[in-house]
Amino acid sequence: MTAKIAILPGDGIGPEIVAEAVKVIGCLCEHYGFQVELEEAQIGGAAVDTSGEPLPEATLRLARQADAILLGAVGGPKWEILERRRRPEQGLLAIRSALGLFGNLRPAILYAELAGASTLRPEIVAGLDILIVRELTGGIYFGEPRGVRTLGTGEREAYNTLVYRESEIARIARLAFEIAGKRDGRLCSVDKANVLESSGLWREVVTRLAPEYPQVELSHLYVDNAAMQLVRAPKQFDVIVTGNLFGDILSDCAAMLTGSIGMLPSAALDERGKGMYEPVHGSAPDIAGRDMANPLATILSLAMMLRYSLNQAKLAERVESAVRRVLAEGYRTADIHTVGTRRVGTREMGDAITSALRAAAA
Ligand code: NAD
């Protein structure tokens with residue numbers, strides 16, 4: 001089957017890092033029989049410049065028709081003066097919501113070779129491999145009513161609503177159970193059920209589903225304890241599932257356990273497993289156009305796409321082992337460079353990955 005991938009490079013370093021992932025796709029086609037159709041479109045500031053909109057109709061149409069989407073990053077100082085609805089970041093929010101991408105997967109993996117990059121001691125983090133599954137389209141970020149009102153006293157009051165329906169909780173919980181079943185079989189659900197009604201319902205629904213997944217061992221933690229455990233002993237976790245707000249905070253915390261933003265991929269999935277894949281980092285305008293950006297987060301996002309949307313787990317493993325091999329050989333972009341390793345640019349890092357893939361195919 002020929003997979004259809006929409007390529008949305010975006011702004012800043014986006015086009016540079018996406019070009020390296022496209023090189024990897026080319027190598028998979030040439031040496032591993034992968035069949036794919038790629039089509040590129042604009043999003044973010046680049047789209048504002050040509051069409052006036054951060055998410056043009058044509059880009060959304062392409063994204064809807066594709067089996068998966070690979071995105072670079074959006075944004076930059078040039079567009080910060082625009083009114084809110086025309087800012088690049090709005091393109092990202094709009095595409096996530098238009099495609100119903102409710103399930104955000106954020107792995108935090110620390111390759112043994114990069115253990116020194118973490119602020120935690122190597123023995124606490126070396127070999128870390130956890131996955132945070134965050135609900136992305138509900139919870140307090142979207143709940144109504146919301147607003148700022150002026151009280152009779154003249155004082156202003158701001159309010160938001162944390163609301164979750166049973167079906168929303170069940171949908172994200174099922175995704176997390178299924179993924180945990182394909183990993184180490186341990187799922188920790190994080191909530192604040194001792195204080196919040198929405199968390200009480202969250203815990204009840206997740207617990208009710210557990211018997212359907214006998215191969216997965218379910219546990220629960222309150223979010224304050226989960227934050228502590230993440231920095232105390234992160235390797236105790238396999239998969240964590242949580243709501244939008246808690247997931248936002250915990251996934252950034254887990255990401256930083258690895259110490260290197262240029263290494264972190266992510267996925268956002270819809271109900272049918274279609275997804276948008278992108279590095280966690282932004283458009284890094286400070287290094288754009290200088291062949292300095294680390295393309296590995298984008299290449300690892302491609303690996304996630306192969307696994308979660310294109311049913312190509314073996315190819316995903318090939319790409320991930322090429323990344324491990326290249327790191328073991330000492331290749332490092334500036335962000336992960338240390339004394340004694342070989343400093344390379346964006347393009348040379350991409351070439352090293354395709355060479356490793358070619359060597360493994362031979
Ligand atoms: P950023 O992630 O772009 O950069 C933070 C720091 O990390 C910078 O020093 C940058 O040089 C470095 N960095 C990031 N990615 C790197 C890579 N692949 N290799 C090497 N170094 C890398 O965050 P920021 O500076 O806060 O934001 C810059 C722009 O990106 C803003 O316009 C922001 O709105 C946007 N942004 C976009 C996304 C997205 O597209 N998903 C996410 C975050 C920020």
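Both ligands and their constituent atoms are indexed starting at 1 by order of listing. Treat the numbers as computed from the prediction; the structure is a model and nothing was measured.
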| said: Can you see whether Ser219 engages Glu217 through a side-chain donor-acceptor pair at a distance of less than 3.5 angstrom? | reply: no
| field | atom 26 (O) of ligand 1 touched by protein (heavy atom, under 4.0 Å) | value | no
| query | When you measure from atom 22 (C) of ligand 1 to every protein heavy atom, which one gives the shortest distance, and what is it? | reply | Ile287 CD1, 4.0 Å
| message | Test your reading of the model: is there a side-chain donor-acceptor pair from Asp291 to the backbone of Arg347, 3.5 Å cut-off? | response | yes
| said: What I'd like to find out is whether the side chain of Ile336 reaches to under 4.5 Å of the side chain of Asn294, using heavy atoms alone. | reply: yes
| Is at least one protein non-hydrogen atom found at under 4.0 angstrom from atom 5 (C) of ligand 1? | no
| request: Looking only at protein heavy atoms, identify the closest one to atom 28 (C) of ligand 1 and say how far it is in Å. | output: Pro285 CD, 3.5 Å
| message | When you compare the side chains of Trp79 and Asp11, does any donor N or O come within less than 3.5 Å of an acceptor on the partner? | response | no
| query | Is the closest side-chain donor-acceptor distance between Glu348 and Tyr331 under 3.5 Å? | reply | no
| request: Number the atoms of ligand 1 from 1 as they appear, then name those within less than 4.0 Å of a heavy atom of Ala293, with their elements. | output: 19 (N)
| Between Thr354 and His31: side-chain donor-acceptor atoms closer than 3.5 Å | no
| message | Nearest non-hydrogen contact with atom 42 (C) of ligand 1 belongs to which option: Gly282, Ser260, Ala288, Gly12? | response | Gly282
| query | What residue and atom, counting heavy atoms only, is the protein's closest point to atom 34 (O) of ligand 1, and at what distance? | reply | Glu89 OE2, 2.6 Å
| said: Applying a heavy-atom cut-off of 4.0 Å, say which part of Ile13 lies close to ligand 1: side chain, backbone, both or neither. | reply: side chain
| message | With nothing but distance in play, are any N or O atoms of His281 less than 3.5 Å from an N or O of ligand 1? | response | yes
| task | Output yes when the distance from some N or O of ligand 1 to some N or O of Ala284 is under 3.5 Å, and no in every other case. | result | yes
| field | For atom 7 (O) of ligand 1, the protein heavy atom that lies nearest, with its residue and separation | value | Ile261 CG2, 3.8 Å
| said: Looking at Phe246, I'd like to know if the NZ or CZ of Arg134 sits under 6.0 Å from its six-membered ring centre while staying within 45 degrees of the ring's axis. | reply: no
| Any idea which protein heavy atom is nearest atom 17 (C) of ligand 1, and the distance to it? | Asn294 N, 3.6 Å
| remark: If you scan protein heavy atoms around atom 8 (C) of ligand 1, the nearest is Asp286 OD2, 3.5 Å
| Near Ala73, which atoms of ligand 1 are under 4.0 Å from a heavy atom of that residue? | 40 (O)
| task | Specify the protein heavy atom at minimum distance from atom 29 (C) of ligand 1: its residue, its atom name, and the distance to 0.1 Å. | result | Ser283 OG, 3.3 Å
| Are any of the side-chain heavy atoms of Phe34 and Leu310 separated by less than 4.5 Å? | yes
| message | Just verifying a value: how many Å separate Leu38 CG and Leu70 CG, rounded to the nearest 0.5 Å? | response | 9.0 Å
| message | Taking 4.0 Å as the limit for heavy-atom contacts, which would you say applies to Leu92 with ligand 1: side chain only, backbone only, both, or neither? | response | side chain
| Between Lys78 and Gly45, is there a donor-acceptor pair closer than 3.5 Å when you use the side chain of the first and the backbone of the second? | no
| Nearest protein heavy atom under 4.0 Å from atom 20 (C) of ligand 1, yes or no | yes
| Among Met349, Glu278, Glu16, closest by any non-hydrogen atom to atom 41 (N) of ligand 1 | Glu278
| Would you say Gly76 has any N or O atom under 3.5 Å from an N or O of ligand 1, going by distance alone? | yes
| query | Do the side-chain N and O atoms of Asp248 and Tyr141 include a donor-acceptor pair separated by under 3.5 angstrom? | reply | yes
| Main-chain N/O of Ile299 paired with Tyr277 side-chain donor or acceptor, under 3.5 Å | no
| query | So, is Met292 polar-close to ligand 1, with some N/O to N/O distance under 3.5 Å? | reply | no
| Ligand-residue contact atoms, ligand 1 with Gly75, heavy atoms, under 4.0 Å | 32 (O)
| said: Give me the nearest non-hydrogen protein atom to atom 35 (C) of ligand 1 as residue plus atom name, then the distance to 0.1 Å. | reply: Val74 O, 3.2 Å
| message | Is the terminal nitrogen or CZ of Arg186 (NZ for Lys, CZ for Arg) located under 6.0 angstrom from the six-membered ring centre of Phe237 and within 45° of that ring's axis? | response | no
